[in-house]
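Structure first, then comments.
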Amino acid sequence: MIFSRTLLRQHSVLPGFDLALGFTVFYLSLIVLIPLSAAFLRTTELTWPAFVEVVTSPRVVASYKLTFGSSLLAAIVNAVFGLLVAWVLVRYHFFGKRIVDALVDLPFALPTAVAGITLTGLFANNGWFGQYLEPLGVKVAFAPAGVFVAMTFIGLPFVVRTVQPILEDLASELEEAAATLGASRLQTFRKVILPIVLPALLTGFALAFARALGEYGSIIFIAGNMPMISEITPLLIITKLEQYDYAGATAIAVVMLMMSFVLLLAINALQAWTRKRQGK
Amino acid sequence: MSATAAIPGAPTPIAPRSLAGATKEPAWVRWLLIGIALAFLAVFLFVPLFFVFFEAFKKGFDVYLAAIWEPDALSAVRLTLLAAAIAVPLNLVFGVAAAWAIAKFDFRGKSVVLTLIDLPFSVSPVISGLIYVLVFGLQGWFGEWLRDHDLKVIFAVPGIVLATIFVTFPFVARELIPLMQAQGQEQEEAARVLGASGWQVFFKVTLPNVKWALLYGVILCNARAMGEFGAVSVVSGHIRGETNTLPLHIEILYNEYQSTAAFAVASLLASLALVTLVLKYIVERRVQREMAQAKDVGAAA
């Protein structure tokens, strides 16, 4: 009754609004809001200078650079190859296409710990890939490059799955019109197709980037976790926690949460843009 | 095309074949693009997937079985199943309640609730675990109270269940909400006017309309619940045979250089992932059909 009177915009013949919204808000508060607010409230136990000192100490800053840089690089690689994979899956026919299409979601379904030990095994210096990379001077496992490889794996489906439906809906008339007006295939792609898929491509890029920023499970196996060199920010939170430095762990967590929230807003804006472009 | 041809004096229409040629890449470009795409997927998907099973069975089937049929591994299986068995139904009930409130009613603050539901997806798994330590850990808000009452949440099963619930929180809700929004409330209102009770409306009208989307959400929710590592790792305390889930057990085996055993346990989770993908593939089409029907009805109304 309380909810109905204060929140409901119009009367409905359907029952259950109070129960449904009441349970939703209760469960949301219990599981998400109260625990998350704990992170922010616990940070207030630190003075501002102490907070700044924790979150700008050299080891933490080095971890930001690695986490941010690798996430960005992995997201860029995923944007390029994700667009290519989506294009190939929508436009071309080849043997086993449906299986390939279904397998694209593997990084969503495969537990990160499994991905972690598998990629480490493949890229270690005696592994299937590592043994060919090592003579070239490329060290992936137990090095910063490993962070990038793990992030690329876990972010792989995002761009494919956001771009694919847009390419499927693309009206062939547009390309035909461009062709009749004398555009080459490359020009058509650059000036007609790319602008249409751009919002979805950016959304996929941002989703992959956000996922990579917070990733932990697959990375800690392959990274080697050397302080200042191949230590990601989420791992620093765990390290602080294991030293019972709750305030320090929470301070770093708050910085990461702020980054995530900014990205969430950006992604929402990008998705709204995509919908607008699609006229839905 | 024929309409253009009928107009006298119009430019000669381009033959369809040459137009098809102009909107398609030459064969060599097509095969080059397919080749590059498949090479990329091979490095990051196909080979890793094969590698898990290759390593698991490298030393023969007996070694494989011994690694899985072992007390610590079995207790990890039990805990993983338990966590999923609690987290998935709770998030299912929540998803249905949230979708009912959001899709069937118009209320103030709806977009805020929608954003908050998605929040757990944008939080790092490590932080998902950390927040429960801050609330229930020894130095946490309820830490002393819990200790005085001899209750354990962190480094115990309840913490693992809570962390699992958090990371799988949005799955069912975010599948149901867009579908139920597209379906509108006309059918439910009609049933209500014809004298059905609220629960009758829900079970006989709403639920059959969304059953595939519901199943889809449950499949994704379950896969994540059984595979979560980061969040569970923070709250588990890694007590062998007690607070280890399957992903955590893999980590312990791997760090003890029992690589074959680690991959054997990993192959269980990889098989689960493959089953998930197959189910997802089957159900996805049905969900799309539900959505298309909802949009058709919406367009007709």
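What's counted below: heavy atoms across the whole structure, side chains too, no hydrogens, waters or symmetry copies. Quick note on labels: first sequence line is chain A, next is B, and so on, each numbered from 1.
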remark   = Of A:Val32, A:Leu21, A:Ile237, the largest count of non-hydrogen pairs under 4.5 angstrom with chain B goes to A:Val32
query = Do you know which of B:Leu269, B:Ile34, B:Leu138 has the most heavy-atom pairs under 4.5 Å to chain A?
reply = B:Ile34
note = The interface call for B:Phe46 against chain A, heavy-atom contacts under 4.5 Å, is side chain
note = Comparing B:Val278, B:Ile127, B:Thr276 against chain A, the one with the most heavy-atom pairs below 4.5 Å turns out to be B:Ile127
inquiry  = Counting heavy-atom pairs under 4.5 Å with chain A, which one of B:Trp100, B:Trp31, B:Phe136, B:Phe94 comes out on top?
reply    = B:Phe94
task = Could you look at B:Leu272 and say if it's the side chain, the backbone, both or neither that has a heavy atom under 4.5 Å from chain A?
result = neither
query = With side chains defined as the heavy atoms from C-beta onward, is the minimum distance between A:Trp87 and B:Leu33 less than 4.5 Å?
reply = yes
key: Portion of B:Val29 that has a non-hydrogen atom of chain A nearer than 4.5 angstrom   = neither
inquiry  = Given heavy-atom pairs under 4.5 angstrom as the criterion, report whether the side chain, backbone, both or neither of B:Tyr281 touches chain A.
reply    = side chain
task = On the 0 to 90° scale, with breaks at 30° and 60°, tag the B:Trp199-B:Phe202 ring pair as parallel, tilted or perpendicular.
result = perpendicular
inquiry  = I'd like to know if the side chain of B:Thr80 and the backbone of B:Leu246 have a donor-acceptor N/O pair within less than 3.5 Å.
reply    = yes
query = Can a salt bridge be assigned to the pair A:Glu175 and A:Arg185 using a cut-off of 4.0 Å between side-chain N and carboxylate O?
reply = yes
Pick from B:Glu189, B:Glu188, B:Arg30 with the largest number of heavy-atom pairs that fall under 4.5 Å of chain A = B:Arg30
ask   = Tell me, side chain or backbone of B:Leu41 under 4.5 Å from chain A's heavy atoms, or both, or neither?
value = side chain
request  = Could you look at B:Leu38 and say if it's the side chain, the backbone, both or neither that has a heavy atom under 4.5 Å from chain A?
outcome  = side chain
key: Heavy-atom proximity to chain A below 4.5 Å, by part of B:Ile36   = both
request  = Sorted by first residue and then second, give each salt bridge (Lys or Arg N to Asp or Glu O under 4.0 Å) pair with at least one member in residues 269-280 of chain B; sequence neighbours left out.
outcome  = A:Asp105-B:Lys280, B:Lys280-B:Glu284
note = Given B:Val201, B:Val93, B:Leu90, the one with more heavy-atom pairs under 4.5 angstrom with chain A than any other is B:Leu90
message = Under 4.5 Å from any heavy atom of chain A, what part of B:Asn91 do you find: side chain, backbone, both or neither?
response = both
message = A:Phe158 and ring pair (Phe, Tyr, Trp, His ring centres under 6.0 Å): which single residue from A:Phe108, A:Phe153, A:Phe81, A:Phe209 fits?
response = A:Phe108
inquiry  = Please list all pairs meeting salt bridge (Lys or Arg N to Asp or Glu O under 4.0 Å) that have one or both residues in residues 28-42 of chain A, counting only residues at least two apart or in different chains.
reply    = A:Arg42-A:Glu45
remark   = Of the listed A:Leu106, A:Ile34, A:Ile117, the one with the largest count of heavy-atom pairs under 4.5 Å with chain B is A:Ile117
message = Let's test your reading of the structure: which of B:Val123, B:Val135, B:Ile250, B:Leu130 forms the most heavy-atom pairs below 4.5 Å with chain A?
response = B:Leu130
Interchain contact, B:Phe166 with chain A, by part (heavy-atom threshold 4.5 Å) = both
